[in-house]
Asker: 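Here you go, one structure.
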Amino acid sequence: MADAHVRQVLENLLELLQQERDAAQRLDMDGLQAVVAAKEELLAGLVISPEQVEGLEDLLKEIDHENRRNAFLLWTGLNWVRDLMGFFGKAA
């Protein structure tokens, strides 16, 4: 059976992932750094056992989806910046 505290922490993590994507899309680096710090703090104290997440599979899948979505957004942005830097480096 799912632990209520674990559910709350996972819901907070999902909200932070959504805030992270929003900050990245707005190019708000200060906001992005604050969200990443909050996410790291949340995850540092998270120790769960398999029994504590029974029944939370849908929430865990949603967290995985949002995390992969953010990773792809940030990876694509990084590659775009690298390509632009290469382009302008060759032009100079």
Side-chain angles (χ1 to χ4, degrees):
M1 180 169 194
D3 184 319
H5 173 70
V6 171
R7 175 182 286 279
Q8 184 61 46
V9 169
L10 293 176
E11 287 172 350
N12 291 346
L13 178 59
L14 180 60
E15 184 178 325
L16 287 171
L17 288 169
Q18 292 164 344
Q19 291 174 12
E20 179 182 54
R21 185 176 56 257
D22 181 54
Q25 288 174 334
R26 290 183 289 112
L27 301 176
D28 176 9
M29 291 310 298
D30 292 334
L32 183 60
Q33 289 175 341
V35 171
V36 168
K39 205 171 61 167
E40 288 173 350
E41 183 180 334
L42 182 78
L43 292 173
L46 183 63
V47 179
I48 54 178
S49 64
E51 304 86 44
Q52 292 176 297
V53 294
E54 286 180 18
L56 299 177
E57 290 81 6
D58 290 341
L59 180 58
L60 291 169
K61 285 179 184 177
E62 193 173 354
I63 288 170
D64 182 58
H65 174 74
E66 293 297 325
N67 193 48
R68 289 175 187 273
R69 193 173 167 196
N70 288 0
F72 182 74
L73 172 67
L74 295 170
W75 178 78
T76 302
L78 177 62
N79 284 334
W80 183 72
V81 169
R82 285 180 178 159
D83 289 346
L84 281 176
M85 291 185 71
F87 173 77
F88 287 118
K90 289 178 186 176

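By convention here, the first residue in the shown sequence is residue 1.
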Asker: For residues 20-32, pull every pair meeting side-chain hydrogen bond (donor to acceptor under 3.5 Å, both in side chains), keeping only residues two or more places apart or in separate chains.
Answerer: Glu20-Lys39, Glu20-Asn70, Arg21-Glu66, Arg21-Asn70, Asp22-Arg26, Arg26-Asp28
Asker: Is it the case that one hydrophobic cluster holds both Leu73 and Leu14, taking links as side-chain heavy atoms less than 4.5 Å apart, direct or via other members?
Answerer: no
Asker: Please list, chain by chain and in numerical order, all residues satisfying side-chain contact (heavy atoms from CB on, under 4.5 Å) with Leu46, sequence neighbours excluded.
Answerer: Val9, Leu10, Leu43, Ile48
Asker: What pairs with Glu40 under side chain to side chain donor-acceptor pair (under 3.5 Å), at least two apart in sequence or on another chain?
Answerer: none
Asker: With sequence neighbours left out, what residues match Gln18 under side chain to side chain donor-acceptor pair (under 3.5 Å)?
Answerer: none
Asker: In Å and rounded to the nearest 0.5 Å, what is the CG to CG distance from Asn67 to Leu16?
Answerer: 11.5 Å
Asker: Run the side chain to side chain donor-acceptor pair (under 3.5 Å) test against Arg68 and tell me which residues pass, sequence neighbours left out.
Answerer: Asp64
Asker: Could you list the residues that satisfy salt bridge (charged side-chain N to carboxylate O under 4.0 Å, His left out) with Glu11, not counting sequence neighbours?
Answerer: Arg7
Asker: Look at the side-chain heavy atoms of Ile, Leu, Val, Met, Phe, Trp and Tyr, link any pair under 4.5 Å apart, and say whether Leu74 and Leu17 land in one connected group.
Answerer: no
Asker: What are the two closest heavy atoms between Ala23 and Gly31, and how far apart are they?
Answerer: CB-C, 4.1 Å
Asker: Kindly write out the residues that satisfy side-chain contact (heavy atoms from CB on, under 4.5 Å) with Leu84, not counting sequence neighbours, or none if the list is empty.
Answerer: Trp80, Phe88
Asker: What's in the same ILVMFWY side-chain cluster as Met29, cut-off under 4.5 Å, chained through other members?
Answerer: Leu32, Val36
Asker: Remaining members of Trp75's ILVMFWY cluster at a side-chain heavy-atom cut-off under 4.5 Å?
Answerer: Phe72
